[in-house]
Amino acid sequence: VLTTLERRFNLQSADVGVIASSFEIGNLAFILFVSYFGAKAHRPRLIGCGGIVMALGALLSALPEFLASQYKITDSWRKDLGRDVCSNTSKADEPCGNRANTNMMYLLLIGAQVLLGIGATPVQPLGVSYIDDHVKKKDSSLYIG
C-alpha cells in the first residue's frame, strides 16, 4: 500500500512514513484519557464510539482515491525527465497538468490515519478488561485471542 501511495500521489518515502506513523500518534494522544475515563464509564459504549471513529477514519482514508483524477494514457510519454514525469509543480499545459493537489491528499491521509488511531484506542485497554470481567475464566483466552 505504501509504494502505491508514493506513486499515485507523488509522495516521498519520508512522507509515506509520516502517514504510516500517524496511526500511532493518534493512538498515543488518547490512550491515557481512554484508560483513565474508561474504568469509570460504560466500556462497551466507549468501544462502540471508537468503532464509529474508526469507520470515519476509514472513509476519509478512501476519499483521496475518489478525489484524485483518473489515470489517463497518452501518447506524449517523455523519458528524458526520469521516473517522475508528473510532479506537484507541473503546469496546466504539460501532459500531467490536471493532477490533483498532492498536499491536500497528504493531509487528508494523515488525518484519516490519526482518526483510525483514535478509534482503535479503546479496543485494547477496555476490550480485554471487559472480556476478562464478563466471560468465564476458561473461555476468556479464546475471546481475547
Side-chain angles (χ1 to χ4, degrees), residues 1-74 77-78 81-92 94-145:
V1 171
L2 298 179
T3 56
T4 303
L5 285 175
E6 282 183 53
R7 289 187 191 121
R8 177 75 165 115
F9 300 112
N10 193 24
L11 298 173
Q12 296 177 354
S13 296
D15 296 335
V16 175
V18 170
I19 292 171
S21 64
S22 296
F23 178 89
E24 308 301 332
I25 292 168
N27 202 324
L28 282 173
F30 278 80
I31 190 72
L32 290 175
F33 301 112
V34 168
S35 297
Y36 178 73
F37 292 115
K40 300 174 181 173
H42 193 260
R43 287 181 280 183
R45 193 171 293 145
L46 280 176
I47 293 171
C49 290
I52 291 171
V53 171
M54 280 183 69
L56 180 65
L59 286 173
L60 283 179
S61 182
L63 196 59
E65 188 63 35
F66 297 109
L67 293 178
S69 61
Q70 296 292 319
Y71 293 114
K72 293 181 183 176
I73 300 173
T74 61
W77 179 254
R78 295 171 21 188
L81 294 177
R83 180 180 153 236
D84 256 343
V85 174
C86 298
S87 68
N88 198 20
T89 60
S90 61
K91 296 178 180 67
E94 291 182 9
C96 300
N98 59 355
R99 194 156 168 169
N101 187 359
T102 58
N103 290 334
M104 185 62 185
M105 300 305 168
Y106 175 66
L107 294 175
L108 191 62
L109 286 169
I110 287 175
Q113 288 298 312
V114 168
L115 280 177
L116 281 168
I118 291 170
T121 301
V123 173
Q124 190 63 28
L126 301 180
V128 173
S129 66
Y130 185 76
I131 289 172
D132 204 28
D133 290 345
H134 292 89
V135 176
K136 295 178 189 173
K137 291 214 183 276
K138 69 175 192 160
D139 294 336
S140 65
S141 61
L142 175 70
Y143 286 112
I144 291 172

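Bear in mind that the values here come from a model prediction, so they are computed numbers and not experimental data. Quick note: numbers below take in every heavy atom, side chains included, and nothing from hydrogens, waters or symmetry partners.
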>> Among residues at least two apart in sequence or on other chains, which ones pass salt bridge (charged side-chain N to carboxylate O under 4.0 Å, His left out) with D139?
In response: none
> Which heavy-atom pair separates L46 from P122 by the least distance, and what is that distance?
Replying inline: O-CG, 3.7 Å
Extract all donor-acceptor atom pairs below 3.5 Å that involve side chains of residues 50-57 and protein atoms in other chains or at least two apart in sequence.
none

> Does any pair with a residue in residues 50-61 pass salt bridge (charged side-chain N to carboxylate O under 4.0 Å, His left out), and if so which ones, sequence neighbours excluded?
Replying inline: none
> Quick one: side chain to side chain donor-acceptor pair (under 3.5 Å) partners of K40, sequence neighbours excluded?
Replying inline: Y36
Only pairs under 3.5 Å count here: list side-chain donor-acceptor contacts from residues 22-35, not counting sequence neighbours, and write none if there are none.
{"from": "S22", "atom 1": "OG", "to": "V18", "atom 2": "O", "distance (Å)": "2.7"}
{"from": "N27", "atom 1": "OD1", "to": "T121", "atom 2": "OG1", "distance (Å)": "3.3"}
{"from": "S35", "atom 1": "OG", "to": "I31", "atom 2": "O", "distance (Å)": "2.8"}

> Just how far is it from atom CG of L11 to atom CE of M105, taken to the nearest 0.5 Å?
Replying inline: 10.5 Å
> What distance separates L5 CG from Y106 OH, expressed to the nearest 0.5 Å?
Replying inline: 11.5 Å
>> How long is the straight-line distance from CD1 of I19 back to CG of L108, given to the nearest 0.5 Å?
In response: 10.0 Å
For residues 125-136, which side-chain donor-acceptor pairs fall under 3.5 Å, sequence neighbours excluded?
{"from": "S129", "atom 1": "OG", "to": "R43", "atom 2": "NH1", "distance (Å)": "3.0"}
{"from": "S129", "atom 1": "OG", "to": "P125", "atom 2": "O", "distance (Å)": "3.2"}
{"from": "S129", "atom 1": "OG", "to": "L126", "atom 2": "O", "distance (Å)": "3.1"}
{"from": "D133", "atom 1": "OD2", "to": "R43", "atom 2": "NH1", "distance (Å)": "3.1"}
{"from": "D133", "atom 1": "OD2", "to": "R43", "atom 2": "NH2", "distance (Å)": "3.0"}
{"from": "H134", "atom 1": "ND1", "to": "Y130", "atom 2": "O", "distance (Å)": "3.1"}

